[in-house]
Peer 1: 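Before we start, here is the structure in question, set down as structure tokens.
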Amino acid sequence: MGYLLPSLRLCNYYCFLFSCCCFFLIMNPTTGTGAGQPSELVSSICKNTTNYRFCVESLYSDPRTPTADSYVLAYVSFDLAYLNASHTEDYIDMLLNNTTADCDSRLLQRLQRCSSFYGGAISALSQAVNDLDSETYSKLARLAGVAVHEACDCEAIFQGHSPFTLSRMNHDLRGLSKICVVISHLFTVSV
Ligand SMILES: *[C@@H]1O[C@H](CO)[C@@H](O)[C@H](O)[C@H]1NC(C)=O
Ligand SMILES: *[C@@H]1O[C@H](CO)[C@@H](O)[C@H](O)[C@H]1NC(C)=O
Ligand SMILES: *[C@@H]1O[C@H](CO)[C@@H](O)[C@H](O)[C@H]1NC(C)=O
Ligand SMILES: *[C@@H]1O[C@H](CO)[C@@H](O)[C@H](O)[C@H]1NC(C)=O
């Protein structure tokens, strides 16, 4: 009898753990793989952004994140923003390629301006990655801020009538670049 009781307890304990795991997997489907919970560093960074969930999901889309220190996270965030901006620029180029001036000159002009905004964002973000390579941290926050503004400027020139997909892409780049800004401040404050 005194033998059964602990093993029963043990079972209950494991059942309890199992239920907890299921609970977290259900509550947190996108980050449910691997660690389940964001690292303390990621969590503290994302709390300083406007969209915690977007921040955690974006950072964890990179396999380096679970074990990353702030230096690696800086690479992760700038790489994500850079790739996002490059994909969006490709998309804008495709839209441009499909738009003729006699058909819709206003759209054409707006897309051309967006293309140049994205050119600015891409060059700022690639400079930031170069700065990380050379361990130069002083301009990171400013460069990330440039990318935030370029994405906002592209969205603004459409005055609420941007093509839906482009609008989402502007929103994504803005969000990713804001994560870069928060991470950049970790360097300029502590170094
Ligand atoms: C978050 O913001 C607070 C207040 O501005 C700051 O003290 C803290 O260092 C920031 N933490 C991170 C991880 O960015
Ligand atoms: C941009 O980043 C967002 C957030 O991480 C992601 O959901 C989206 O698929 C990315 N878009 C492109 C075109 O890379
Ligand atoms: C632009 O359109 C032309 C003809 O419609 C096509 O041949 C070309 O590959 C397109 N370029 C891009 C970048 O989509
Ligand atoms: C642009 O044109 C190409 C072919 O010329 C077509 O395959 C593609 O779907 C078009 N894209 C958009 C967004 O209209």
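Atom set for the values below is all heavy atoms of this structure, side chains included, hydrogens, waters and symmetry mates excluded. Only a predicted model underlies this, so the values are computations on that prediction, with no experimental measurement involved. Numbering of ligands and ligand atoms starts at 1, following listing order.
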Peer 1: Between ligand 2 and Tyr91, can you find any atom pair, the residue atom being a heavy atom, that is separated by under 4.0 Å?
Peer 2: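 For ligand 2, residue contact (heavy atoms, under 4.0 Å) with Tyr91 is absent.
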Peer 1: Which one of Asp172, Asp62, Leu59 has a non-hydrogen atom at the shortest distance from atom 8 (C) of ligand 2?
Peer 2: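 Shortest heavy-atom distance from atom 8 (C) of ligand 2: Asp172.
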Peer 1: Within a distance under 4.0 Å of any heavy atom of Val182, pick out the atoms of ligand 1 and give their elements.
Peer 2: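 Here the atoms of ligand 1 in question are 14 (O).
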Peer 1: Using a strict cut-off of 4.0 Å, indicate which atoms of ligand 1 neighbour a heavy atom of Ser44.
Peer 2: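 What qualifies from ligand 1 is 13 (C).
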Peer 1: In terms of the angle between their ring planes, are Tyr71 and Tyr137 parallel, tilted or perpendicular, with boundaries placed at 30° and 60°?
Peer 2: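 If you compare the ring of Tyr71 with that of Tyr137, the planes turn out perpendicular.
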Peer 1: Do Ile157 and Leu166 sit in the same hydrophobic cluster, where Ile, Leu, Val, Met, Phe, Trp and Tyr count as joined when their side-chain heavy atoms come under 4.5 Å apart?
Peer 2: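 Linked within one cluster.
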Peer 1: Protein heavy-atom contact under 4.0 Å for atom 5 (O) of ligand 1?
Peer 2: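 Under the 4.0 Å cut-off, atom 5 (O) of ligand 1 has no protein heavy-atom neighbours at all.
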Peer 1: For ligand 2, which atoms sit closer than 4.0 Å to a heavy atom of Phe54?
Peer 2: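 Result: 4 (C).
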Peer 1: Quick check on contacts: which atoms of ligand 2 are under 4.0 angstrom from a heavy atom of Asn84?
Peer 2: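 Every atom of ligand 2 under 4.0 Å from some heavy atom of Asn84: 1 (C), 2 (O), 3 (C), 8 (C), 10 (C), 11 (N), 12 (C), 14 (O).
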Peer 1: Thr88 versus ligand 2: do any nitrogen or oxygen atoms come within less than 3.5 Å of each other?
Peer 2: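 Thr88 vs ligand 2: no N/O contact under 3.5 Å.
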Peer 1: So that I can tick it off, tell me whether Asp79 and Arg64 are bridged by a salt bridge, with the cut-off set at under 4.0 angstrom between side-chain N and carboxylate O.
Peer 2: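 Between Asp79 and Arg64 there is a salt bridge, with a charged N closer than 4.0 Å to a carboxylate O.
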Peer 1: Can you sort out which atoms of ligand 1 are near Leu186, meaning under 4.0 Å from one of its heavy atoms?
Peer 2: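 This gives 12 (C), 13 (C), 14 (O) as the contact atoms.
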Peer 1: Ignoring hydrogens, just give me the one of Asn48, Thr49, Ile183 whose non-hydrogen atom is nearest atom 10 (C) of ligand 1.
Peer 2: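 Ranked by closest heavy atom to atom 10 (C) of ligand 1, first place is Asn48.
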Peer 1: For atom 12 (C) of ligand 1, state whether the nearest protein heavy atom is under 4.0 Å away.
Peer 2: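 There is a protein heavy atom less than 4.0 Å from atom 12 (C) of ligand 1.
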